[in-house]
Amino acid sequence: MTQLTKSTTWSALAAHTEQLAHMRSLFNQDSQRFNDMSLSACGLFLDYSKNRADSKTLALLFSLAKETQLQAKIKAMFSGDIINNTEKRAVLHTALRADASQEILVDGKNIVPEVQQTQNKMAKFVDAVTTGQWKGYTGKTITDIVSIGIGGSFLGPKIVTQALRPYWNKSLNCHFVANVDASSITEKLRLVNPETTLFVMSSKSFGTQETLTNTLSAKEWFLANGGTQADIAKHFVAVTSNVAKATEFGMDADNIFPMWDWVGGRYSLWSAIGLPIALLVGMDNFQALLAGAKEMDEHFLNAPLEQNMPVIMGLFSLLYGNFHNAQSHVVLTYDHYLRGLPAYFQQLDMESNGKSVTLSGECVQYNTGPVIWGGEGTNGQHAYHQLIHQGTALIPADFIMPLQSHNPLGEHHVQLASNCFGQTQAMMQGRTFEEAMAELSTSGLSADEQALIAKHKVMQGNKPSNTILMDKLTPSTLGALIALYEHRTFVQGALWDINSFDQWGVELGKTLGNDVLIRLQADKDASELDSSSNGLINMFRANHI
Ligand SMILES: O=P(O)(O)OC[C@H]1O[C@](O)(CO)[C@@H](O)[C@@H]1O
C-alpha cells in the first residue's frame with residue numbers, strides 16, 4: 001500500500017462516506033448549507049453545497065490535503081522546483097502570467113524578462129497585423145489567420161478564441177487545423193485567399209508529425225497559388241521552443257516566437273502559443289486573460305485550504321474517484337461561447353492525470369484521473385443527462401454559467417439559467433417512489449400500472465455537482481476559470497502522488513505511429529509485428545490511393 005491509503009484519514013473517509021446521509025436530508029437539516037459551502041474568488045463564484053459532504057467530510061478532506069503536504073507542493077511548483085521528475089523540468093506556466101517585477105529562477109536564471117520580451121514581440125506583431133501595416137505579398141492586409149498545431153498547441157488557442165468571440169477584431173477571421181487528415185486542411189484552405197492569409201504554426205517541439213505535415217501542405221498550397229519562396233516570410237510565422245529546427249525548416253528567424261521547456265503543451269496557451277488569441281482579441285484582452293489567471297494563481301498559492309477554490313474542487317474529485325468509484329466527471333457549460341471548454345479540460349486533466357504509478361514508480365493502489373467529458377447546456381439535457389440522472393454510474397458534474405449574456409435576447413438567458421439550476425436540483429434531490437406515485441395518482445392508470453411506472457420514474461438523487469457562476473464571460477473571468485481547472489488538476493495529481501506533467505503513453509503512440517509509417521511508405525515487411533498490425537498494414541497497402 002502507498003502512503004496515501006495507509007493514512008488514518010483515508011480509512012476514516014472510507015468509513016464516513018459509507019454512513020453519510022442523502023444530500024436531500026443534509027439540505028433539510030441545515031438551512032445555512034448554501035452559505036457555508038460556497039465561495040467567491042477572482043470573479044468566480046463556486047457553489048459546492050450539492051456535494052456528498054458534511055462538515056466532517058470537509059474536515060477529513062482538508063486533513064488529507066495537509067497530510068499529503070499539498071501546500072508545500074503548490075509552493076514547489078510556483079518556485080520552479082523540478083516537479084516533473086521524469087523529464088527533469090520545472091512546471092512554470094504560472095510564470096507566463098507573472099508581473100514583470102517578479103523573479104522566478106530556472107537553473108539560476110530569472111525567466112521573467114524573457115517572458116516579457118516575448119510578450120512585447122507578440123504585441124508589436126499583433127499591432128502590425130491588426131493595423132494593416134503588415135501586408136501580404138500583393139500589398140493587401142491580412143484577413144485570415146490559419147493556426148496549425150495539435151494537442152495543447154491547438155486546443156487552448158481554439159477554445160479561448162471561440163470563448164472570446166464577442167471581443168474579436170471584426171476585420172480578422174481565424175481557422176484551426178490540427179488533424180493530419182488532409183480533409184481538415186483542404187476544407188480550411190478552400191475558405192481563404194493566399195494573398196491575405198497568415199499561417200501561425202505552433203509546435204513546442206517542432207517535431208510533431210501532424211503539424212509539420214499540415215504546415216508543408218499549407219506552404220505548397222501557398223506556392224501553388226501565387227506566392228513565391230521570397231514571400232513566405234510575409235505569410236508564415238512559428239511558435240516553438242525549438243528555434244533551431246524552425247529555422248532549419250525555413251521559418252524566417254524574425255518570425256519565430258519562442259517558448260520554453262518549462263511550459264507544458266497543455267498549459268501553453270498563456271505563452272506565444274496564444275498568438276492566434278492575441279491576434280483575434282487584441283493584446284490588451286490577451287493581457288486581461290493573463291491577469292485573470294494570475295489572480296487565480298495568487299488565490300491558489302495564498303488562500304487557506306478551506307477557502308481555496310481549486311483545492312476544494314480537487315478534493316471532491318478525489319472523494320468521488322476514490323471513495324464512490326466514480327469513473328468519469330462531466331463538465332456542462334451553460335454558455336454557447338464556452339461550448340469547447342469540456343474538450344479543453346478533457347485534454348488538461350486526462351493527459352495530466354491519466355497515470356498509474358507514483359512519483360517514485362510504485363503502482364498506485366487507487367483510482368487516479370477520471371474520464372472528463374461534457375458539452376453545452378442545454379443540448380446535453382436532451383441526450384446524455386438521462387444517464388447522469390438514472391444510469392448506474394455516479395457522474396459528478398460541474399455546471400458553468402455567466403449571469404449576464406453577451407447577447408441579451410428576450411427570455412433566452414432566464415430560460416438557460418432555469419435549466420442549469422433545475423438540473424443541479426434534480427440531480428441532488430432525485431424523486432422518491434412516493435413522489436412518483438403521487439404524481440401518477442390522477443393519471444387514470446390502474447394501481448398496478450401506477451406502481452410499475454413509478455418505479456421507472458424514481459431517481460435516486462444524491463448526484464453531486466458544483467455550480468460555477470461569473471458575472472460575465474470576459475477575458476479576465478475566462479483566464480481565472482481556466483487557471484482554476486489547471487490548479488484543480490494539479491491538486492488531484494499532488495494528492496495521488498503522480499506526475500501530472502509528463503505523457504509517456506502519448507509518446508509511445510507517436511513512436512509506434514512513426515514505425516508503422518516507415519512500413520507503409522517503404523513497403524517494408526511487417527510480418528514480425530503481431531498478426532493484427534501486419535494484417536491492417538497489408539490491407540492498407542493493397543487498397544489505398
Ligand atoms: O506542440 P507540439 O510539440 O507540436 O506537441 C503537441 C502536443 O503533443 C503532446 O506532446 C502530446 O499530445 C501535447 O502535450 C502537446 O501539446
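Hydrogens, waters and symmetry mates are skipped; everything else that's a heavy atom, side chains included, is used. One-based numbering along the sequence shown. One-based numbering, in listed order, for ligands and for the atoms of each.
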request  = Might you work through the side-chain hydrogen bond (donor to acceptor under 3.5 Å, both in side chains) test for Thr131 and Gln133, ending with a clear yes or no?
outcome  = CA-CA 6 Å; Thr131 58; Gln133 292 164 51; 2.9 Å; yes
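Of the protein's non-hydrogen atoms, the one nearest atom 15 (C) of ligand 1 is Gly152 N, 3.9 Å. Among all non-hydrogen protein atoms, the one lying nearest atom 12 (O) of ligand 1 is Glu351 OE2, 3.0 Å. Regarding atom 3 (O) of ligand 1, its nearest protein heavy-atom neighbour is Ser205 OG, 2.6 Å. Nearest to atom 6 (C) of ligand 1 among the protein's heavy atoms is Ile150 O, 3.2 Å.
A donor-acceptor pair is defined here as one N or O able to donate and one able to accept, closer than 3.5 Å; no such pair exists between the side chain of Ser328 and the backbone of Ile372.
Close approach to Gly265 involves these atoms of ligand 1, each under 4.0 Å from a residue heavy atom: 16 (O). Residue-ligand proximity, Lys510 to ligand 1, at heavy-atom distances under 4.0 Å covers atoms 8 (O), 9 (C), 10 (O), 11 (C). Close contacts between ligand 1 and Val506 involve ligand atoms 11 (C), 12 (O) [criterion: under 4.0 Å to a heavy atom].
Counting heavy-atom neighbours within 6.0 Å of Lys158 NZ, excluding the residue itself, gives a total of 12 or less.
Taking any N or O of Ser203, backbone or side chain, at least one lies under 3.5 Å from an N or O belonging to ligand 1. Looking at ligand 1, you'll find an N or O of Thr208 within less than 3.5 Å of one of its N or O atoms.
The shortest heavy-atom distance from Glu210 to ligand 1 is not under 4.0 Å.
Side-chain rings of Tyr137 and Phe222 approach one another, their centers coming within less than 6.0 Å.
Between the side chains of Ser271 and Ser268, not a single donor N or O lies within less than 3.5 Å of an accepting N or O. A donor atom on one side chain and an acceptor atom on the other are found under 3.5 Å apart for Ser183 and Asp181.
Under a 4.0 Å N-O distance rule, the pair Arg190/Glu187 qualifies as a salt bridge.
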